[in-house]
Trainee: 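After the structure tokens below, expect a handful of questions from me.
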Amino acid sequence: MNVLVINAGSSSLKYQLFDMSTDTILAKGLCDRIGLDGFLKHTPVANGKPVFSEPIPLPTHDEAIKVVIEKLTSPDYGVIDSLSEIKAVGHRVVNGGRKLYESVLIDENVLKAVEDCVKLAPLHNPANLMGIRACQEAIPGVPQVAVFDTAFHHTIPEYAYIYPIPYKYYEQNDIRRYGYHGTSHRYVSAKAIELLGGNAEGTKIVTCHLGNGASLAAVKDGKSIDTTMGVTPLEGVPMGTRSGSVDPAIVEIISNIEGNLPINEAMNILNKKSGVLGVSGISSDFRDLEIAAGTGGGDGGPPEDAEKAHRAKLALDVYNYQVAKFVGSFIVAMGGVDAIVFTAGVGENSSNARLGICDNLKGVGVVMDVEKNKSRDYGDYMDITAEGSNVKIFVIATNEELVIARDTMEIVK
Ligand code: ADP
């Protein structure tokens, strides 16, 4: 059975076609710059056909889905003979709100509920809806399933998801901690439990999803009991361009400094111009920062770049410190920790970030095997725990699309 997984953003749409009889990817790709000039990268994985990587007009999400289907079935780039070989479509949906907390078959009621959550995720849910509608149009009659980023965090207790602000905003306006990256936290925590012996009962794991966006989850007995992102993905640890948690009064202060800047524009500074980009003034990409700081294979550059190197190093130090501080708070939340998991772009690839974070956790008995940590040659996971460490440290490659495909298949069955 083939399942198509769609992750629609406002100007991009990622897709993967899975053969669920073998859990393998048949093809994957990215429609980029939708609504602008349009670019498609399509990779047929299952056969030796060439990669398609070219500008292509993508005025709307509807058009993008049509182009994807055309490529999946094309004689030159395709992996299936016809549309009828796609048995179901799974969609990543960012926020399911208070009502949608597990994966569901999409019908009009579900669409209405996802629409109701646009107020909570104005940057993401509208794009997810466009992806769903485009598929309904292009592949009519094929069951579609929504898998929510917020779902895994549904088990967070009330005292951890309620903000200490007037209660009416929760009661009347649904303002609470939702948390994101749930599909990833679910996948890597399940893998960690397997590595710890397979019985979820009694396990205490902190999962660190460190990508462009970043969040941590406290996973006790296999269930999320707290997470760093909040009602929006801005809260928590610093990220590529997002500030993470800061004094909320900073919004007003920045607005005043910039001459009564409207709130949405001040928020834009926290969302798009902060994080490691904001501190370093160089880049949101950890590879650039590690080179500028002299920790990523370079030597920090010539002396005139000393200030640049200092700022890059400072950004990385702020990041490592804040991530470790949140790990510490989750150790308190769970009353201990058995394993810390690193995943996503930074977590899976930056040995420096892992080292920097774990250095801050030595005081609670987290000891990393520095040599193992440097290894780049690992499959799905690696164990980088040093002998004598009280806590296991795992690097686990996340696979959100596979989780979406599996949930979709389960529901459609
Ligand atoms: P997204 O949140 O967009 O899904 P990813 O999880 O793919 O992002 O993470 C992307 C980020 O991972 C990049 O911006 C970069 O900072 C970081 N990254 C990727 N590869 C490396 C690497 N080899 N070394 C350090 N950082 C890396």
Side-chain angles (χ1 to χ4, degrees), residues 5-16 28-33 41 92 94 121 123-124 127-128 147 149 179-188 207-217 227-229 232-244 271-298 312-313 315-320 322-323 341-358 373-378 380 382 384 395-404:
V5 173
I6 300 288
N7 180 356
S10 55
S11 65
S12 71
L13 185 146
K14 291 185 204 153
Y15 61 93
Q16 291 192 4
K28 63 180 179 179
L30 167 68
C31 298
D32 214 359
R33 304 181 62 81
K41 180 164 184 195
R92 174 192 183 206
V94 166
L123 299 178
H124 296 97
N128 302 152
V147 178
D149 265 29
Y180 296 88
H181 296 137
T183 315
S184 175
H185 289 297
R186 180 176 144 201
Y187 179 82
V188 299
T207 48
C208 307
H209 177 107
L210 309 177
N212 247 326
S215 72
L216 274 52
T227 189
T228 53
M229 282 181 169
T232 76
L234 181 58
E235 198 183 344
V237 297
M239 307 175 211
T241 66
R242 293 182 210 144
S243 61
N271 268 305
K272 300 265 168 69
K273 298 184 176 166
S274 298
V276 291
L277 168 69
V279 177
S280 70
I282 297 169
S283 173
S284 63
D285 193 306
F286 281 66
R287 286 164 289 201
D288 299 339
L289 296 176
E290 289 178 7
I291 289 169
T295 52
K313 184 171 180 307
L316 297 170
D317 286 348
V318 168
Y319 182 85
N320 294 338
Q322 290 290 342
V323 172
V341 178
F342 291 100
T343 193
V346 177
E348 289 171 35
N349 296 301
S350 174
S351 55
N352 286 308
R354 294 191 298 258
L355 182 67
I357 293 164
C358 288
N373 179 49
K374 286 183 192 155
S375 168
R376 294 195 162 273
D377 187 22
Y378 66 98
D380 293 349
M382 66 177 172
I384 54 171
V395 182
I396 299 178
T398 194
N399 197 338
E400 292 156 284
E401 291 78 13
L402 181 61
V403 176
I404 296 174

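This one's a predicted model, so the numbers in the text were calculated from it and none came from an experiment. All residue numbers refer to positions in the sequence shown, counting from 1. When a ligand or atom number is given, it counts from 1 through the structure's own listing order.
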Trainee: Is there a donor-acceptor pair under 3.5 Å between the side chain of Asn7 and the backbone N or O of Lys14?
Mentor: no
Trainee: Is Leu210 close to ligand 1, meaning an N/O of one under 3.5 Å from an N/O of the other?
Mentor: no
Trainee: Output the list of atoms in ligand 1 that are nearer than 4.0 Å to some heavy atom of Ser350, sorted by atom number.
Mentor: 25 (C)
Trainee: Among all protein heavy atoms in this structure, tell me which lies nearest to atom 2 (O) of ligand 1, with the distance rounded to 0.1 Å.
Mentor: Asn212 N, 3.1 Å
Trainee: On the 0 to 90° scale, with breaks at 30° and 60°, tag the His181-His209 ring pair as parallel, tilted or perpendicular.
Mentor: parallel
Trainee: Under 4.0 Å from atom 5 (P) of ligand 1, is there any protein heavy atom?
Mentor: yes
Trainee: Tell me the closest heavy-atom pair linking Gly240 and Ser284, and the distance in Å.
Mentor: O-CB, 3.5 Å
Trainee: How far is atom 17 (C) of ligand 1 from its nearest protein heavy atom, and which residue and atom is that?
Mentor: Val346 CG2, 3.6 Å
Trainee: Closest non-hydrogen protein atom to atom 21 (C) of ligand 1, residue and atom name please, with distance?
Mentor: Asn349 CB, 3.4 Å
Trainee: May I ask you to check whether Glu290 has an N/O atom sitting below 3.5 Å from an N/O atom of ligand 1?
Mentor: no
Trainee: May I ask you to identify the nearest protein heavy atom to atom 15 (C) of ligand 1, giving residue, atom name and distance to one decimal place in Å?
Mentor: Asp285 OD1, 3.4 Å
Trainee: Using a strict 4.0 Å cut-off to heavy atoms of Gly213, name the atoms of ligand 1 that fall inside it.
Mentor: 2 (O)
Trainee: Which residues pass the side-chain hydrogen bond (donor to acceptor under 3.5 Å, both in side chains) test with Asn212, not counting sequence neighbours?
Mentor: none
Trainee: Please indicate whether any nitrogen or oxygen in Phe286 is less than 3.5 Å from any nitrogen or oxygen in ligand 1.
Mentor: yes
Trainee: Less than 3.5 Å apart, which donor and acceptor atoms pair up between the side chains of residues 343-350 and the rest of the protein, not counting sequence neighbours?
Mentor:
| from | atom 1 | to | atom 2 | distance (Å) |
| --- | --- | --- | --- | --- |
| Thr343 | OG1 | Glu348 | OE2 | 3.1 |
| Thr343 | OG1 | Ile396 | O | 2.6 |
| Thr343 | OG1 | Thr398 | N | 3.2 |
| Glu348 | OE2 | Ala344 | N | 2.9 |
| Glu348 | OE2 | Thr398 | N | 3.0 |
| Asn349 | ND2 | Gly345 | O | 2.8 |
| Ser350 | OG | Glu290 | OE2 | 2.5 |
| Ser350 | OG | Ala353 | N | 3.0 |

Trainee: Any idea which of Arg287, His209, Met239, His181 brings a heavy atom closest to atom 27 (C) of ligand 1?
Mentor: Arg287
Trainee: Could you tell me whether the side chains of His185 and Ser215 share a donor-acceptor contact shorter than 3.5 Å?
Mentor: yes
Trainee: Can Asp32 and Lys41 be counted as an ion pair, charged N to O under 4.0 angstrom?
Mentor: no
Trainee: So does Leu216 get a backbone contact from the side chain of Thr228, meaning a donor-acceptor N/O pair under 3.5 Å?
Mentor: yes
Trainee: Starting from atom 18 (N) of ligand 1, locate the nearest protein heavy atom and write down its residue, its atom name and how far away it is, to 0.1 Å.
Mentor: Gly345 O, 3.6 Å
